[in-house]
Amino acid sequence: MGAVCPSWLSFILYNPVRKVFTDREKVLKESGITGNTVVLEIGAGNGFFTEVIAPRARKVIAVELQEGMIRKLERRTRDFRDKVDIVQGDISSLDLGEGIADVCLMYYSFHEVGDQAEAAARICRAVKKDGILSIYEPTIEVDKQGMEKAIGMFEKCGFSRELGRDQIATRFARLRKR
């Protein structure tokens, strides 16, 4: 597990350079996010993705661990309060319910989760049958073996791999719940 980015350093997560080099529209498209989608976003941080998901999805359930990030997330999504539910906590200890989300998006966040096996079990429970799980991880922090281990946790609880790729900075896998 890597260290969680502290909220006072959140400017590195939300800046013009990241906006240029991160194709957020592509992430939403390959994650299957549409106007009818309920999205579970794990590690929402300061809202870098939440702000582009909210206008496109039916609803976003944004899970974030840190209070400081949540304050920034609330400000960034204030125009979509009716569509964004912010949940503070560690995904490995939250009971979000069964079959609440069509899509679960984890962008550069799963490697920061302490109890990944328990988090995977809770995410598996929260995603509907035939739902999508999109995992994006930074290559600098997650090697191929680490990504395969993460994918394996989700395969054990009912997901099947559909897509995957390694690029210079990002590893990606899309899985579907059987």
| query | According to the interplanar angle, ranging from 0 to 90°, do the rings of Y107 and Y136 count as parallel (below 30°), tilted (30 to 60°) or perpendicular (above 60°)? | reply | tilted
| Test side chain to side chain contact (heavy atoms under 4.5 Å, CB included) applied to S109 and V113, step by step | CA-CA 7 Å; S109 62; V113 173; 5.9 Å; no
Closest approach of [X] to [Y] (non-hydrogen atoms, all atoms of both residues):
X: D95; Y: R122; value: N-NH1, 3.6 Å
X: I132; Y: G32; value: CD1-CA, 4.1 Å
X: Y108; Y: A169; value: OH-O, 3.2 Å
X: S92; Y: E118; value: O-CG, 3.0 Å
X: A57; Y: I33; value: CB-CG2, 4.1 Å
X: F154; Y: A120; value: CE2-CA, 3.6 Å

Rounded to the nearest 0.5 Å, how far apart are [atom1] of [X] and [atom2] of [Y]?
X: T50; Y: K72; atom1: OG1; atom2: NZ; value: 14.0 Å
X: I91; Y: C104; atom1: CD1; atom2: SG; value: 7.0 Å
X: R171; Y: I140; atom1: CZ; atom2: CD1; value: 11.0 Å
X: M147; Y: F172; atom1: CE; atom2: CZ; value: 8.0 Å
X: K144; Y: T139; atom1: NZ; atom2: OG1; value: 10.5 Å
X: M153; Y: K156; atom1: CE; atom2: NZ; value: 8.0 Å

Using a strict threshold of under 4.0 Å (side-chain N to carboxylate O), is an ion pair present between [Y] and [X]?
X: E74; Y: R78; result: no
X: R174; Y: E30; result: no
X: R178; Y: E155; result: no

Got [X] and [Y] here, is their nearest side-chain heavy-atom distance under 4.5 Å?
X: V39; Y: D102; answer: no
X: R161; Y: I151; answer: yes
X: N46; Y: R76; answer: yes
X: V103; Y: L40; answer: no
X: V127; Y: F159; answer: yes
X: V52; Y: L28; answer: yes
X: K128; Y: K177; answer: no
X: V84; Y: I61; answer: no

| Hey, is the main chain of D90 close enough, under 3.5 Å, to the side chain of S93 for a donor-acceptor pair? |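 Such a contact is found between S93 side chain and D90 backbone.
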| Is the backbone N or O of H111 less than 3.5 Å from a side-chain atom of E137, with the two atoms forming a donor-acceptor pair by type? | yes
| query | Stepwise, does the salt bridge (charged side-chain N to carboxylate O under 4.0 Å, His left out) test hold for K59 with D85? | reply | CA-CA 8 Å; K59 182 177 186 163; D85 290 343; 2.7 Å; yes
| task | Report the C-alpha distance between R56 and K29 in whole Å, list the side-chain angles of each, state the deciding distance to 0.1 Å, and finish with yes or no for side chain to side chain contact (heavy atoms under 4.5 Å, CB included). | result | CA-CA 11 Å; R56 289 163 183 79; K29 185 177 179 179; over 6 Å; no
| Over-ring placement of R24 relative to F48, 6.0 Å and 45° cut-offs |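 Geometry flag: set, cation within 6.0 Å and 45°.
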| said: Applying side chain to side chain contact (heavy atoms under 4.5 Å, CB included) to R58 and T37, what does each step give before you reach the verdict? | reply: CA-CA 5 Å; R58 184 172 45 153; T37 308; 5.9 Å; no
| query | Checking side chain to side chain contact (heavy atoms under 4.5 Å, CB included) for the pair R176/D130: CA distance, chi angles, key distance, verdict? | reply | CA-CA 6 Å; R176 188 168 302 267; D130 204 38; 3.0 Å; yes
